[in-house]
Amino acid sequence: MLKIQPVTALIQKQIAMNIYAEFAQKMLPLIEASSLLAGVDADTRAKLPLDRIVVEPPRDVSHGDMATNAALVLAKGLRQKPRDIAEAIAALLSDNAAALNVQSVSIAGPGFINITLEHSVWQSIIGEVLHNGKNFGRPDLGQGEKINVEYVSANPTGPMHVGHCRGAVFGDALATLLSFSGFDVTREYYINDAGAQVDVLARSAFLRYREALGENIGDIPEGFYPGTYLVPLGEQLKDQYGSTLLDMDETDWLPLIKRAAISAMMDLIRADLEKLGVAHDLFFSEQSLTQDGHDRVAEMIDDLTDRNLIYRGTLPPPKGKLPDDWEDREQTLFRSTLYGDDVDRALLKSDGSYTYFASDIAYHFDKYKRGFNLMVDVLGADHQGYLKRMTAAVKAISAGNASLDIRFCQLVNLFRDGQPVKMSKRSGNLVTLADVVEEVGRDVTRFIMLYRKNDATLDFDFTKVLEQSKDNPVFYVQYAHARTHSTFAQAVEVFDEKILDDLDQVDVSALTDASELALMRKLAEYPRIVEAAAKFYEPHRVAFYLNDLASAFHGHWNRGKDLPQLRFIKDDNEKLTRARLALVLAVQIVLRSGLNLLGVDAREELR
RNA sequence: GGCCCCGUAGCUCAGCUGGAUAGAGCAGCGGACUUCUAAUCCGCAGGUCGUAGGUUCGAAUCCUACCGGGGUCACCA
């Protein structure tokens, strides 16, 4: 009887289980079968933008539990006034009130339909959370599809500094989020160990080596890495080689030291990442692209050449001020303009070696050949010029089968007591990632980095982020979680351990207070928040949601002061206590789930 | 000059990818501690969503131009 159109089926497939989508799934067939569409010809009907109909929580809770824009969406296609359509849909919903668990329906504004549901709908959320546990809210967006997320990829020339921190945390949280959402995620780090900079690293290490042998090397010259983190490496080289390297030509000692230096720097970086709780599945070496007599960059160039995407030619000079050493010369170019880039890009340097871009294309080609049709790169905002050429390259190498999404993380500005923290690159006087984590801790660092859209700059004040107040969302959320635990502890004290048994079986129909219901509504929003966060690669949505949920919980907690009958624990009413503990447990589960997505510890107590 | 981000309350930021009277926190003002940890809560006040056009039933959101802030601009990474 109810004919489900393709569009509706699509919606059903696309949207994960959540209470709003469920309602939409029930409502849409009703509309399609109603008199509204009775006299409409097939052509008009097919053009109705049914996919734009949404059921969502209203902006203002006083409007009801849900709102839908169905009448507004249909108005144009049906050539009827939105209000009239709204009347018809409202009547439809009222007629089916029992099946939809609808308590009341009203029309507001230009034609919004506000829906108030039976309490039982919200109460059922508690059971759903408790039954699904850590799987509550898990969207099935990915359906097992492989996706590659590359992040950090800091150059192996020293320890990580704060600038790397944000991308590391963002990439890590994004990967977790996508994994939770049903993707088969590989977390990857690209080691730039093939360029001139690692030669500089090796020469800098050589200085420290000479120093370790007792030589006075004075100030580190311009163009070398001055950081003292190379001192232990110098000692290590002394222990390993004695003074034998001093007698060699650079061409002989450089590869030896380079290998040792890169290895040592990656050890430093891995240690830093571990401090932040950031993990990778694969560290991919740029050098490996051209090792073992197997030049995969050349292969990539051959492949593109076969498809007429490579040519010899000259580029126009950059607009604006011309570089002093600009020379107009013929180069090997990739036709990235065919795929939306502004100019074609060079693949070989003047000395014949590969450009960074060439290696990076080969690297992404490798990802593609490993079966990734979806790739995400997390880069610093200073790489934004890289967007067009790299997305162009991925299209080219995959013949349009793969797509690359690049997410940029903006700068982090450091403050202390409201004053900017000065950093000098030349002196190597950078604030390192380790400094930050040691001072404020992993949880604070991660949460604050994620409590902002990735493409907006971020102020990070060492003093503020350590304040244990609601000014600081980390503690605010963790405190809410801790409070759920203290509630259980208290309950066990008043009753006994059995008070916590089988809370998922509890009858929660007695929970009808406004702030209890508000809490349930908040819990019901979690699935759609997670889904949106995953779909748009925006983990910050989870962080903001957690702050909201914590707020609803703190608010309800404090309501128990004015209204003692609302307190969770009623020593004269075990049944009611258990119902309320079920709600508290649901809050705890969702808080922990969200914190896990962000990689922030859900602490059980804060003192 | 080209390209890319950003511009929302005094400050720091959200705003569910086009929906209703634009929301939080901080700062300000006024309240709530013999407590299920006040590390919290409740209330008040605060806005021409950078500016000007356009698209439409409807714009903070989409388009165009401009203004302001940041980034970037052959071969570097």
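As the structure is a prediction and not an experimental result, all values here were calculated from the model. The sequence lines fix the lettering, A, B, ..., with proteins before strands; numbering per chain opens at 1.
Between B:C57, B:C75, B:A14, one nucleotide has an atom nearer to the side chain of A:H540 than all others, and that is B:A14. Closest approach to the A:L315 side chain among B:A77, B:A74, B:C13 is made by B:A74 (side chain taken as heavy atoms from C-beta onward). Side-chain proximity of A:D382 to B:A77, B:U37, B:G71: nearest is B:G71. In this structure, of B:A20, B:C16, B:C41, it is B:A20 that holds the atom nearest to the side chain of A:A108. For A:K76, whose side chain is taken as the heavy atoms from C-beta onward, the closest listed nucleotide among B:U56, B:A14, B:A77 is B:U56. Here the side chain of A:A67 is nearest to one of B:U40, B:A77, B:A20, namely B:A20. Across B:U12, B:A77, B:A20, the shortest atom-to-atom separation from the side chain of A:R452 is found for B:U12. Side chain of A:R329, nearest nucleotide from B:C57, B:A77, B:A74: B:A74. Taking the side chain of A:N155 as heavy atoms from C-beta on, and the options B:U17, B:U37, B:A77, the nearest nucleotide is B:A77.
A gap of 15 Å separates the P atoms of B:C67 and B:U51, to the nearest Å. B:C16 and B:G30 are spaced 34 Å apart, taking the C1' atom of each and rounding to whole Å. One P atom belongs to B:U48, the other to B:A60, and the distance between them is 14 Å to the nearest Å.
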**Request:** Would you please test A:F357 and A:H364 for ring-ring contact (aromatic ring centres under 6.0 Å, His included) and show each step?
**Result:** CA-CA 10 Å; A:F357 182 50; A:H364 283 79; 9.4 Å; no
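Nucleotide B:A77 holds its P atom 16 Å from the CD1 atom of A:I269, rounded to whole Å. Rounded to whole Å, the distance from CG on A:L563 to C1' on B:C41 is 12 Å. In this structure, CZ of A:R528 is placed 7 Å from P of B:U17, rounded to the nearest angstrom. As rounded to whole Å, 19 Å separates atom P of B:C3 from atom CG of A:D455. The OH-C1' distance, from A:Y545 to B:A24, rounds to 16 Å in whole Å.
A side-chain donor-acceptor contact under 3.5 Å links A:Q478 and A:D443. Side-chain atoms of A:T157 and A:Q197 form no donor-acceptor pair, as typed in the model, at a separation below 3.5 Å.
Within the shown strands, B:C67 is the pairing partner of B:G7 under the Watson-Crick or G-U definition, both distances less than 3.5 Å. Across the strands present, B:G1 finds its partner in B:C73; the criterion is a Watson-Crick or G-U wobble pair with both atom distances under 3.5 angstrom. Using N1 to N3 plus N6-O4 or O6-N4 for Watson-Crick, or N1-O2 and O6-N3 for G-U wobble, each under 3.5 Å, B:U56 pairs with nothing.
Within 4.0 Å (heavy atoms only), A:S486 reaches at least one base atom of the nucleic acid. A:E538 comes within 4.0 angstrom of a base, heavy atoms only. Among the heavy atoms of the strands, none lies under 4.0 Å from A:S551. Nucleic acid contact class of A:I569 (heavy atoms, under 4.0 Å, all strands): none. Nucleic acid contact class of A:F544 (heavy atoms, under 4.0 Å, all strands): sugar-phosphate only. Using a 4.0 Å heavy-atom distance criterion, A:F536 is classed as a base contact. Using a 4.0 Å heavy-atom distance criterion, A:A482 is classed as a base contact. Using a 4.0 Å heavy-atom distance criterion, A:G560 is classed as a base contact. As judged by a 4.0 angstrom heavy-atom cut-off over every strand, A:R483 is placed among residues touching the sugar-phosphate backbone only. A:Q331 comes within 4.0 angstrom of the backbone, heavy atoms only, and of no base. Backbone-only contact: A:K453 has heavy atoms under 4.0 Å from sugar-phosphate atoms and none from a base.
Between A:H556 and A:R541, the one whose closest nucleotide on RNA chain B sits nearer the 5' end is A:R541. For the pair A:F475 and A:L411, both in contact range of RNA chain B, the more 5′-proximal nearest nucleotide belongs to A:F475.
Ring geometry for A:Y545 versus A:Y526: interplanar angle of 30 to 60°, hence tilted. In this pair, A:Y190 and A:Y363 present their aromatic rings parallel. The plane angle is below 30°, not in the 30 to 60° band. The aromatic rings of A:H383 and A:Y386 lie perpendicular to each other, with more than 60° between the two planes, well past the 30° mark. Ring orientation note: the planes of A:F568 and A:F553 are close to parallel, at an angle under 30° on the 30°/60° scale.
Judged by the 6.0 Å and 45° rule, A:R203 forms no cation-pi pair with A:F224.
At a cut-off of 3.5 angstrom, counting only N and O atoms as typed in the model, there is a donor on one side and an acceptor on the other between the side-chain of A:N114 and the base of B:A20.
Residues A:I499 and A:V492 have side chains in contact (heavy-atom distance under 4.5 Å, counting atoms from C-beta outward).
The ring of A:Y451 has its center closer than 6.0 angstrom to the ring center of A:F544.
Shown here, B:U17 is classed syn by the O4'-C1'-N9-C4 or O4'-C1'-N1-C2 angle, which is within 90° of 0.
Listed in residue order, the members of residues 383-392 of chain A having a heavy atom less than 4.0 Å from RNA chain B are A:H383, A:Q384, A:Y386, A:K388.
OP1 or OP2 of B:A77 has at least one side-chain nitrogen or oxygen of A:K349 nearer than 4.0 Å.
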